[in-house]
There are 2 protein chains.
Amino acid sequence: MKETRYKKLQKILKEQIQQGKFNIGEYLPSENELCSSHKITRTTARKALDELMKEGFIVRQQGKGSMVRERRESLGLLNVKGFSEAVGHDVKTIFLQKPAIRTWNLDLTYRPTSEEIETNCIHFERLRCVNNVPITLENNWLSAKYIPDFVGQDFIDGSFFKTLSQRYLIEITGSEQELRALPADEYISNLLQIKAGFPLLQITIKFMTSNPSLNIYSQLYCNTTKYPIGNSYFLK
Amino acid sequence: MKETRYKKLQKILKEQIQQGKFNIGEYLPSENELCSSHKITRTTARKALDELMKEGFIVRQQGKGSMVRERRESLGLLNVKGFSEAVGHDVKTIFLQKPAIRTWNLDLTYRPTSEEIETNCIHFERLRCVNNVPITLENNWLSAKYIPDFVGQDFIDGSFFKTLSQRYLIEITGSEQELRALPADEYISNLLQIKAGFPLLQITIKFMTSNPSLNIYSQLYCNTTKYPIGNSYFLK
DNA sequence: TAGTGGTCTAGACCACGGT
DNA sequence: CCGTGGTCTAGACCACTAG
C-alpha cells in the first residue's frame with residue numbers, strides 16, 4: 001500500500017497516542033501546527049485527522065481542537081481491526097486448524113462469489129483466549145489464488161491481517177457483518193468451557209480487500225459474559 | 001444543521017439512489033461530471049461521495065467510478081439509523097411506556113455524565129415488530145434539558161431521530177455500542193413471545209449528538225432468529 | 001480578538017481501468 | 001490513450017470557542 005503523506009502523519013499521531021504522548025482528554029497539535037511541522041497543507045493534515053476520527057482515536061470540535069478520546073476497554077473495534085489489537089488484556093491464540101487447502105465448506109450468510117468458488121480455499125480455525133480463558137472461536141475462509149505460499153508459513157506477529165498486508169500488500173477496505181445471539185452447541189461449548197445452550201454472540205463477517213476478487217469470510221462465536229464486543233462510529 | 005453544498009449534493013444523490021434512479025451495480029456520474037453539473041469543485045463533490053460511501057450507499061474504485069452498492073436487507077444499519085429505516089418489512093412500533101419524565105434509573109454500560117444526571121430524565125420504552133412478530137425491545141433515556149416540550153408530543157413520522165432533527169435541530173454525530181448475547185429474562189421473554197433463557201442480542205448504545213451536552217442512552221434486546229442485525233463498514 | 005476546525009475554490013500530478 | 005478516482009498544494013472565508 002502506498003505510503004501517502006496523510007497516512008504517514010496518521011501513523012505517527014496514532015503511535016504517539018498509543019504510546020501515551022497524548023493522553024486521553026489532551027489535544028493534538030492544531031491543524032496549522034501539523035501543517036508547518038510536517039510541511040504539508042491543511043487538506044493533507046485534515047485527511048490524517050479525519051481517518052483518526054473514523055478509527056475512534058480522537059473527537060474534533062470547532063473552535064477547540066482534536067481531543068484524544070477514551071477508547072473503551074472492550075475487545076476493541078472488532079470491525080476491521082484484528083483481535084490482536086485488543087488492548088489491556090493478556091491475549092493468546094491457539095490454532096485448532098492451521099491454514100490449509102480445504103473445501104469451501106462454510107455455512108455462512110455471505111457466500112463466496114462464483115469466481116472465488118472455482119479456486120482453492122484456504123481455511124483455518126483459531127481459539128482466542130483472554131487471561132487464559134477461551135473467549136472466541138474463529139473460522140476463516142479465503143481464496144488461495146492471490147496469496148501464493150500462504151499455507152505452511154507463520155503469521156507475521158501472529159496477525160493474519162498484518163501478514164496479508166506486509167507479505168501480499170493486501171489491505172482490508174471494508175466489511176459486512178451480521179450479528180446473532182445463539183445457543184452454544186456441543187462442539188463450541190466444550191471449546192469455550194461453557195454449558196451447551198449458553199448464549200453466544202455469532203458474528204458473520206465478509207471482509208473486502210484492496211484486491212476486488214479477494215474477500216475473507218469469517219465466522220466468530222463469542223462468549224460476551226466478561227468481554228462484550230465494542231464498536232464505535234463517528235459521522236463527522 | 002447548516003445546509004452546506006456537499007450536504008445538498010449528498011442528499012440529492014442519496015434520494016436518487018433510494019428512488020431507484022441509479023440501480024445497484026450502476027455508476028453515479030463521475031466526480032468531474034458532478035462538478036460541472038452542480039458548479040462545485042472536486043473537493044466538494046468528493047466530500048459528498050465520501051459521506052455516501054461511509055453510509056454504505058456506494059463503493060468507489062480508481063479508474064472505474066462510484067458504484068451503487070447493495071445494502072443488505074437485514075434490519076438495516078442499526079448503528080445510527082432508526083429502526084424505521086429498515087426496509088422490505090412491515091414494521092410496527094408499540095409504545096410500552098410513552099415519553100415521560102422519570103429517574104435516571106438505568107443499568108447501562110455507558111453512564112450519563114454528571115452534567116446530565118443533574119437534569120430531568122426522559123425515558124420511553126418501545127416494542128418493535130416485524131410482520132406482527134415482536135423482535136426488539138428498546139429502552140431510551142436522555143436529558144430533558146435541551147428538548148423542551150418533548151413529552152406529550154408525537155414523533156414526526158413515528159421516528160425519534162427525525163423528531164430530534166426537525167423539531168430541535170439535533171443531529172446524531174456518533175455512537176458507541178457494546179454487544180452481548182444474553183438469556184431472556186421473564187419480563188422480556190413474555191414481551192418477545194419466546195421462552196425464558198432464549199439467547200437474545202443485547203445492544204447498549206450511547207448516541208452522541210450535535211449538542212455536546214446531550215447524549216442518548218439506549219438499550220435493545222433483539223430476537224435475532226429471523227432477523228439478524230446487519231452492519232457494514234467501509235474505510236475509503 | 002486570536003486561534004480553532006469546517007467548508008470551499010482552482011488548480012496539479014498520479015495510479016488505475018478499459019479502449 | 002483517455003477518463004476515472006486518489007492525493008496534494010496554496011490559498012480563502014466562515015462559525016465556533018475562549019480569554
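Below, chain A is the first sequence line, B the second, and so on; all start at residue 1.
Here the nucleotide nearest the side chain of E31(B), chosen from dT7(D), dG6(D), dG6(C), is dG6(D). Nearest nucleotide to the T44(A) side chain, out of dT4(D), dT9(D), dT4(C): dT9(D). In this structure, the nucleotide among dT9(D), dT17(D), dT7(C) sitting nearest to the side chain of K64(A) is dT17(D). Looking at the side chain of T41(A), the nearest of the listed nucleotides dT7(D), dT7(C), dA10(D) is dA10(D). Nearest nucleotide to the side chain of Q62(B), out of dG6(C), dG5(D), dT7(D): dG5(D). With distances taken from any side-chain atom of R42(A) to the nucleotides dT9(D), dT4(C), dG6(C), the minimum falls on dG6(C). Counting only heavy atoms from C-beta on, N32(B) has its side chain closest to dT4(D) among dT4(C), dT4(D), dT7(D).
For K7(B) and dC14(D), the NZ to C1' distance is 14 Å, given to the nearest whole Å. In this entry the distance linking CG of L52(B) with P of dG5(D) reads 13 Å, nearest Å. Following rounding to the nearest Å, Y27(B) (OH) and dG18(C) (C1') show an atom-to-atom distance of 11 Å. One atom, CD of E33(A), and another, P of dA2(C), lie 17 Å apart when rounded to the nearest Å. Between the CZ atom of R60(A) and the C1' atom of dG3(C) there is a distance of 15 Å, rounded to whole Å. One atom, CE of M67(B), and another, P of dG17(C), lie 14 Å apart when rounded to the nearest Å. Between the C1' atom of dT9(C) and the NE2 atom of H38(B) lies a distance of 17 Å, rounded to the nearest Å. Rounding to whole angstrom units, CG of residue L9(A) and C1' of dC8(D) are separated by 14 Å.
Salt bridge R46(A)/E51(A): absent, no basic N to carboxylate O contact under 4.0 Å. One finds a salt bridge joining E138(A) and R126(A) here, because a Lys/Arg side-chain nitrogen approaches an Asp/Glu carboxylate oxygen to under 4.0 Å. The residues D149(B) and R167(B) are annotated as not salt-bridged, no charged nitrogen and carboxylate oxygen being separated by less than 4.0 angstrom.
Because its NZ or CZ atom is both nearer than 6.0 Å to the ring centre of Y6(B) and within 45° of the ring axis, K47(B) counts as a cation-pi partner of that residue. At least one test fails for K98(A) against the ring of F124(A): distance under 6.0 Å to the centre or angle within 45° of the axis.
Taking only side-chain nitrogens and oxygens, S30(B) comes nearer than 4.0 Å to OP1 or OP2 of dT4(D). OP1 or OP2 of dT7(C) sits under 4.0 Å from a side-chain N or O of Y6(B).
Of all nucleotides present, only dC14(C) satisfies the Watson-Crick or G-U wobble test against dG5(D), with each distance under 3.5 Å.
Both Q61(A) and T43(A) lie close to DNA chain C; mapped to their nearest nucleotides by heavy-atom distance, the more 5′-ward contact belongs to Q61(A).
Counting non-hydrogen atoms under 4.0 angstrom, L49(B) reaches nothing in the nucleic acid. Note on R5(A): only backbone sugar-phosphate atoms sit closer than 4.0 angstrom, heavy atoms only; bases stay farther off.
Atoms CG and SG, from L106(A) and C121(A) in turn, are 6.5 Å apart once rounded to the nearest 0.5 Å.
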